[in-house]
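For reference, the structure discussed in these notes is given below.
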Amino acid sequence: MSLNRGNIMNTHKRARKDATTDQAQPHYEPTFEQIQMRAYEIYIQRGRQDGLDLEDWFQAEKELKTSGHNRSRVIGQRERLRAIRG
């Protein structure tokens with residue numbers, strides 16, 4: 001494989017674009033408690049059907065990671081869960 005100026009420039013542009021994308025989309029890692037609360041919400045929404053706890057957990061984790069949730073989204077979840085559990 002020969003590297004010419006065109007290949008090097010394209011590689012550089014791709015790397016720069018990837019770096020820009022990474023900066024625009026910071027990685028979000030939800031906390032255990034956030035996943036737990038969302039999984040419980042899913043359980044409630046599903047009609048409290050037992051036996052699907054792992055599916056609920058994985059769905060909650062995926063939703064929280066992919067939807068760009070941030071800390072402000074989580075504020076008040078405890079209060080909502082208390083009302084649901086009530």
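Only heavy atoms go into these numbers, but all of them, side chains included; no hydrogens, no water, no symmetry mates.
- Shown here for A39 and A60, the closest heavy-atom pair between the two residues is N-CB, 3.5 Å.
- For residues 52-62, the set of pairs meeting the salt bridge (charged side-chain N to carboxylate O under 4.0 Å, His left out) definition, not counting sequence neighbours, comprises R46-D56, E61-K65.
- With values rounded to the nearest 0.5 angstrom, M37 atom CE is found 10.5 Å from F32 atom CZ.
- A centroid separation of 6.0 Å or more is found between the aromatic rings of W57 and Y43.
- Cluster membership check: L64 shares its hydrophobic cluster with F58, using side-chain heavy-atom separations under 4.5 Å among Ile, Leu, Val, Met, Phe, Trp and Tyr.
- Under a hydrophobic clustering in which Ile, Leu, Val, Met, Phe, Trp and Tyr are joined whenever their side-chain heavy atoms come within less than 4.5 Å, directly or via other members, I42 and L54 fall into different clusters.
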